[in-house]
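Here the structure comes first, spelled out in structure tokens, and everything after it is commentary.
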Amino acid sequence: MAQRTPAALSGQNMALRETHVFKGVASSIEEPVSWQRFFGEDKTAAGHFLAIARCGSFNQVARRFGMRADILRKSITRLEQRLGSRVFVQKNSVLELTSAGKYLHTLVRDAFFAEGDSAALPMITPIRLSIPPMLLEGALFRSLISWLRKNAGTKMVLQDPLAEDHQPADLKIWIGTSASPVPAARTFLDERRLTKLGYLPHIAGSYASKRIIPCRLEDLEDYLLAQYQGFSNLPGLHPWNDMIAGRRHGVIEVQSYDMLRELVRWSGCIGLLTDGTGGQNPHFMPLNGVFREAMALDVWIGVNPRSECLSEARRIMEMMAQACAE
């Protein structure tokens with residue numbers, strides 16, 4: 001006997017006759033049942049049901065769709081009230097389908113498979129965030145991680161503004177100054193200053209003696225200095241940049257901010273990092289007092305007015321602004 005494919009079976013499944021698994025539904029044996037009978041035309045709600053069955057967790061599906069878990073629970077409760085039967089039971093902290101749930105799952109899954117509509121959900125447009133790698137730490141990075149944790153179903157592209165090949169960003173974060181906050185030839189909606197980041201030279205604690213810690217400019221003469229090339233043209237860091245430019249020895253330049261951190265962490269050199277680095281990572285020790293003039297950078301954010309994800313980009317911007325304000 002030839003084996004039937006899922007596509008061939010879908011027609012049969014769509015023609016399933018009603019059984020007695022749903023107490024609240026009339027038990028006419030001859031009346032065909034479709035998923036619309038229980039979800040109306042709400043493909044999103046049906047997609048949520050499929051995802052819960054697949055994941056076995058309200059919380060994970062809530063992260064997948066960027067919504068609250070209690071809203072999903074209420075949606076399933078309303079579905080069960082319409083059916084007159086439970087569709088999920090919890091076993092060992094995992095949601096499992098009941099007999100009624102399995103029957104409904106077959107209806108929904110096969111209907112969507114037949115329509116070529118996987119999970120009954122629209123294609124997500126990726127959000128493109130342009131952010132300098134040197135800013136992927138501290139409050140900005142924590143706020144981004146928090147948003148991603150709650151929105152597991154998102155599509156996001158992180159773009160390095162210095163990269164040659166990338167599409168226009170929906171949301172852009174950049175280093176600006178009070179005199180020139182917005183990048184040249186660019187127009188953004190709601191551009192605003194997010195925060196001011198202070199910078200200090202740092203050394204790994206394992207390479208700093210408790211009794212001998214560099215605390216003056218001349219003390220740096222006997223250390224290798226690591227310079228991230230992205231710092232070179234930033235006016236707010238000119239005391240450090242001027243010193244690097246005047247050095248005749250003991251300098252290594254890198255193109256990656258991550259490489260800068262690794263060099264400071266493991267090679268015993270000194271490099272310029274944000275002044276909160278030591279508090280976030282005990283391996284790094286800030287060298288206060290080496291420079292008399294404070295060094296800081298203004299961080300700005302703005303939304304591309306031509307973005308296809310305008311509302312979502314604005315939502316992320318507000319979240320980051322709130323995180324920086326706190």
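Throughout, residue positions are numbered sequentially from 1 according to the sequence presented.
In this structure, Phe231 and Tyr228 have perpendicular ring planes: the angle between them is above 60°, well past the 30° mark.
The 12-atom threshold is exceeded at CD of Glu96, counting heavy atoms of other residues, nucleotides or ligands nearer than 6.0 Å. The number of heavy-atom neighbours closer than 6.0 Å to CD of Gln322, taken from other residues, nucleotides and ligands shown, is 12 or below. Dense packing is recorded around CD of Gln60, with more than 12 heavy atoms of other residues, nucleotides or ligands lying under 6.0 Å away. Around CG of Asp70, the count of heavy atoms belonging to other residues, nucleotides or ligands within 6.0 Å exceeds 12. No more than 12 heavy atoms of other residues, nucleotides or ligands shown are found within 6.0 angstrom of CZ on Arg68.
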Exercise. Can you list the steps and then say if Phe88 with Phe49 is a ring-ring contact (aromatic ring centres under 6.0 Å, His included)?
Worked result: CA-CA 10 Å; Phe88 291 109; Phe49 169 73; 5.6 Å; yes
Exercise. Can Arg248 and Glu221 be said to form a salt bridge (charged side-chain N to carboxylate O under 4.0 Å, His left out), step by step?
Worked result: CA-CA 10 Å; Arg248 296 180 177 225; Glu221 283 295 319; over 6 Å; no
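Put simply, the side chain of Thr98 gets close to the backbone of Arg86: a donor and an acceptor are under 3.5 Å apart. The main-chain N or O of Glu218 is never found under 3.5 Å from a side-chain atom of Arg216 such that the two would form a donor-acceptor pair. Using a distance-only test at 3.5 Å, with no hydrogens or angles considered, no donor-acceptor pair links the side chain of Thr154 to the main chain of Asn151.
Between Phe38 and Tyr103, the ring center distance fails the sub-6.0 Å criterion.
Asp42 and Gln36 are not linked by any side-chain donor-acceptor pair at a separation below 3.5 angstrom, with hydrogens and angles left out of the test. A donor-acceptor contact under 3.5 angstrom links the side chains of Thr274 and Thr277, judged on distance only.
In this structure, Glu308 does not pair ionically with Arg128, as no charged nitrogen and carboxylate oxygen lie closer than 4.0 Å. Glu262 and Arg265 are not joined by a salt bridge, as no carboxylate oxygen comes within less than 4.0 angstrom of a charged side-chain nitrogen.
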